[in-house]
Amino acid sequence: MQNNIFSGLFVGQNLVTIKQIDSTNTFLKNLLSNSKPVPEGTVIMAEEQYAGRGQQQNGWHAEPGKNLTFSLLLNPSFLPVNQQFDLVRVVSLGVHNALKQHLGSLLKIKWPNDVYYADKKLGGILIENIVQGSTIKHAVVGIGINVNQDVFPAHVPNPASVKQILQRDYDLRLLLSEICSHIEAAYLRLKAGNVTEIREEYLAALYWLNEEREYKSNNSVFTGNITGVKENGLLVVNSDNRELMFDLKQIEFLNKTI
Ligand code: BTN
């Protein structure tokens, strides 16, 4: 299906909209294993996901018809598996740059790939890589953005929507096309070898970068400053003049406002 509001070269040029599905990531992964070749940049967008999946085995809640829930296919075979975090950077930056045009400088990327506005979560990203040998054959990039939802169930931690911030509805397809073109632009820069630039921009967009904040790890609370992210994606926090490194499951950001 062609859609001319998509201005990029390939991301979103093949857009499939589905009324109801368990998870767009699962759907796209099944498509890759079951059918004829799927063009790179294909976007599967669902009006409703009844079993949306999030990071760390969590679910993903989104009120039907009001939010963006979609998955897009990238084939980053140029990227060695040990550099897969660069894809996390590219996708996070793409989403961040698209939304920042509307929401301004309070928009941040919460490491590793949550989209935050002030201290609230506006969206999340779930990338599932299909690896062949030492390269990534396919990346199924799942993105959920809270767009026009007014009220969230109590079990959703710390949510915000674009509508709650801007006080008006936003056109879902238009926002989808903007996100797709920003992801494509960042992806093509990575593919062209501008990895240093991508890493610097990702770091500059990080929530709590260089701020003295509280974290929890191994059941102990400590104060530290995020100073960097390693090539492989580990978060670097400086605490008491020591450089500590964390994987996703090893550190919790302690927001006093929650
Ligand atoms: C997170 O936990 O922050 C990641 C959320 C990712 C949700 C999106 S919605 C579209 C795609 N399909 C899924 O099942 N999950 C991702």
Side-chain angles (χ1 to χ4, degrees), residues 11-12 14-33 38 41-74 84-85 87-96 98-99 107-117 119-130 138-149 152-153 155-162 170 172-173 175-180 183 202 205-207 233 235 247-249 251-253 255 258:
V11 178
N14 182 36
L15 171 65
V16 180
T17 307
I18 301 175
K19 272 216 157 319
Q20 198 193 46
I21 193 79
D22 50 357
S23 148
T24 55
N25 265 35
T26 308
F27 180 88
L28 183 50
K29 282 202 292 182
N30 288 339
L31 208 60
L32 287 170
S33 53
V38 181
T42 290
V43 170
I44 311 290
M45 175 186 180
E47 285 175 24
E48 176 178 0
Q49 286 189 134
Y50 53 84
R53 295 187 288 112
Q55 296 278 346
Q56 303 192 70
Q57 266 68 55
N58 289 319
W60 182 254
H61 158 89
E63 193 180 330
K66 293 204 166 180
N67 299 293
L68 280 179
T69 46
F70 66 99
S71 300
L72 71 91
L73 176 66
L74 294 173
Q84 57 186 289
F85 197 78
L87 199 61
V88 171
R89 291 180 170 99
V90 156
V91 174
S92 307
L93 265 181
V95 175
H96 170 267
L99 289 168
L107 196 81
K108 297 284 176 193
I109 299 166
K110 182 178 172 193
W111 176 87
N113 55 7
D114 281 347
V115 185
Y116 260 55
Y117 180 84
D119 293 313
K120 293 190 178 253
K121 182 162 169 170
L122 203 59
I125 297 165
L126 176 66
I127 301 179
E128 298 182 284
N129 290 325
I130 295 152
H138 301 297
V140 171
V141 177
I143 300 176
I145 309 289
N146 303 326
V147 185
N148 295 325
Q149 188 158 339
F152 291 86
H155 67 82
V156 180
N158 211 24
S161 69
V162 173
Y170 202 90
L172 291 180
R173 281 199 169 225
L175 190 56
L176 174 66
S177 73
E178 291 168 350
I179 292 172
C180 287
I183 290 176
Y202 170 85
L206 276 193
Y207 178 70
L235 184 71
D247 204 344
L248 182 57
K249 292 172 208 105
I251 187 165
E252 192 185 331
F253 289 50
N255 286 70
I258 302 175

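Here the structure is a predicted model, which means the values were calculated and not measured. We count ligands from 1, going down the list as the structure has it; atoms in each ligand are counted the same way. Positions are given from 1, in the same order as the sequence printed here.
With Ser71 contributing its side chain and Val140 its backbone, the two residues share no donor-acceptor pair below 3.5 Å. Trp60 places no side-chain N or O within donor-acceptor distance of the main-chain N or O of Ile143, the cut-off being under 3.5 Å. Judged by distance alone, the side chain of Gln149 and the main-chain N or O of Asn67 form no donor-acceptor pair under 3.5 Å. Checking side-chain atoms of His138 against main-chain N and O of Leu73 turns up no donor-acceptor pair under 3.5 Å.
Ring-centre distance between Tyr202 and Phe85: below the 6.0 Å cut-off.
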**Report entry** Gln55 and Asn113: CA distance, side-chain angles, deciding distance, side chain to side chain donor-acceptor pair (under 3.5 Å) verdict
**Finding:** CA-CA 10 Å; Gln55 296 278 346; Asn113 55 7; 3.3 Å; yes
Query raised in the report: Which is it for Asn146 and Ser161 under the side chain to side chain donor-acceptor pair (under 3.5 Å) test, yes or no, and what are the steps along the way?
Result: CA-CA 5 Å; Asn146 303 326; Ser161 69; over 6 Å; no
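When hydrogens are left out, the protein atom nearest atom 3 (O) of ligand 1 is Lys121 NZ, 2.6 Å; that is the closest non-hydrogen contact. When hydrogens are left out, the protein atom nearest atom 12 (N) of ligand 1 is Gln49 OE1, 2.8 Å; that is the closest non-hydrogen contact. Among all non-hydrogen protein atoms, the one lying nearest atom 5 (C) of ligand 1 is Trp60 CE3, 3.4 Å. Here the protein heavy atom with the shortest distance to atom 2 (O) of ligand 1 is Gln55 N, 2.7 Å.
Checking Asp22, Thr24, Thr26 one by one against Gln49, the side-chain hydrogen bond (donor to acceptor under 3.5 Å, both in side chains) holds for a single residue, Thr24. Of the options Tyr207, Phe253, Trp111, a ring pair (Phe, Tyr, Trp, His ring centres under 6.0 Å) to Tyr116 is made by Tyr207 and by none of the others.
For ligand 1, one of its N or O atoms has an N or O atom of Arg53 under 3.5 Å away. Looking at Thr69 next to ligand 1, no N or O pair under 3.5 Å apart turns up.
Atoms of ligand 1 found under 4.0 Å from any heavy atom of Gly52, numbered from 1 in the order shown, are 14 (O). The Gly54 neighbourhood of ligand 1 comprises atoms 1 (C), 2 (O), 4 (C), 5 (C), with distances under 4.0 Å to a heavy atom of that residue. Residue Asn25 has at least one heavy-atom neighbour below 4.0 Å for each of these atoms of ligand 1: 11 (C), 12 (N). Those atoms of ligand 1 that come under 4.0 Å of a heavy atom in Asp114, given as number and element, are 3 (O). Under a 4.0 Å criterion applied to the non-hydrogen atoms of Thr24, ligand 1 contributes the atoms 10 (C), 11 (C), 12 (N). Those atoms of ligand 1 that come under 4.0 Å of a heavy atom in Ser23, given as number and element, are 12 (N), 13 (C), 14 (O).
At a heavy-atom distance under 4.0 Å, no atom of Asn113 approaches ligand 1.
Proximity of Gln56 to ligand 1 is not established, as no heavy-atom distance is less than 4.0 Å. Within the structure, ligand 1 has Ile125 among the residues with a heavy atom less than 4.0 angstrom away.
Closest of all the heavy-atom pairs between Asn25 and Gly142 is OD1-CA, 3.0 Å.
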